[in-house]
Amino acid sequence: MGNPALLVRDGATEVLGRWAAMAGDDLVPVGDRHLTSPMVAAIGAIELTAHGWDVARACGEHRPIPPLLAEELLDLARLFVTAQDRPGRFAPPVAVPAHAPPQDHLLAHLGRHPNWAAHN
C-alpha cells in the first residue's frame, strides 16, 4: 500500500479537478471575499499539494510533486499568494536557484524550504 498522505493528496486533487470542471460561475464566500468556484478549486489544489508535501516530509518521505503539476500550481500561487498574505497566512518566500525544479519554486513561493526534512 502507498503512503497514506500521498494517497489522500492525490485523491483529493483528482476530486477537486473534476469538481472545477463541472462547477458553474457561482460565487463562493470565503472569509470576507467572494471567489468563483474554479478559484476555490485552484486554491484547494495548492493547499492539498503543499500540505501533502508537508505531511510526507514530516513522515520522512521524499515524494516529489510532479513537475507539470508544480508548474501549473506555481502560476496560480503567484496570483493567489501575495505580499498581503505574508506573514499572516504564509512565511516569506525562500530563495532558490533559477535552475531549481518547479517543485522547489512552488514550495519556496509558499514559504517552505524545499530541502526541509523532519530531522532538521
Side-chain angles (χ1 to χ4, degrees):
M1 183 169 162
N3 180 304
L6 294 175
L7 293 173
V8 168
R9 180 196 71 187
D10 293 345
T13 302
E14 181 180 345
V15 169
L16 275 173
R18 289 178 186 218
W19 175 74
M22 295 174 13
D25 293 330
D26 296 332
L27 293 179
V28 178
V30 178
D32 63 343
R33 301 174 187 189
H34 288 79
L35 306 174
T36 65
S37 295
M39 290 171 74
V40 172
I43 292 167
I46 293 167
E47 289 283 331
L48 287 168
T49 300
H51 293 304
W53 181 88
D54 294 339
V55 171
R57 282 297 176 115
C59 293
E61 297 288 329
H62 298 283
R63 305 283 177 122
I65 300 169
L68 292 177
L69 176 63
E71 287 176 14
E72 288 185 29
L73 294 181
L74 178 59
D75 288 342
L76 294 169
R78 287 180 174 145
L79 294 172
F80 294 122
V81 180
T82 65
Q84 293 80 14
D85 293 312
R86 304 174 199 275
R89 295 183 183 123
F90 294 90
V94 175
V96 294
H99 64 277
Q103 166 184 289
D104 291 4
H105 286 280
L106 173 63
L107 295 168
H109 182 75
L110 298 174
R112 289 161 170 81
H113 293 272
N115 295 322
W116 178 82
H119 63 279
N120 284 354

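All values below come from the heavy atoms of this structure, side chains included, with hydrogens, waters and symmetry mates left out. Please read all numbers here as calculations on a predicted model, not as lab measurements.
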(message) Rounded to the nearest 0.5 Å, what separates atom NE2 in H113 from atom CZ in R57?
(response) 12.5 Å
(message) Using every non-hydrogen atom in the two residues, find where A70 and Q103 come nearest and quote the distance to one decimal.
(response) CB-N, 3.6 Å
(request) Please report the closest heavy-atom contact between H105 and A98, naming both atoms and the distance. (result) NE2-O, 3.4 Å
(message) Measuring from atom OG1 of T82 to atom CZ of R89, what distance do you get when rounded to the nearest 0.5 angstrom?
(response) 8.5 Å
(request) Going by the side-chain contact (heavy atoms from CB on, under 4.5 Å) test, name the single residue among L76, D75, L73 that passes it with L106. (result) L73
(message) Nearest 0.5 Å, please: how far is CH2 in W53 from CH2 in W116?
(response) 7.0 Å
(request) Report yes or no: does H109 contribute a side-chain atom to a donor-acceptor pair with the main-chain N or O of A77 at less than 3.5 Å? (result) yes
(request) For the residue pair V81 and L110, establish whether any side-chain heavy-atom pair is separated by less than 4.5 Å. (result) yes
(request) Check the hydrophobic clustering (I, L, V, M, F, W, Y; side-chain heavy atoms under 4.5 Å; chains of links allowed) and say if M39 and F90 are grouped together. (result) yes
(request) Kindly give the heavy-atom pair with the smallest separation between L107 and P114, and that separation in Å. (result) CD1-CA, 4.2 Å
(request) Any chance you could measure L69, atom CG, to L74, atom CG, to the nearest 0.5 Å? (result) 11.0 Å
(request) Examine distances only and state if a side-chain atom of E71 and a backbone atom of P102 form a donor-acceptor pair shorter than 3.5 Å. (result) no
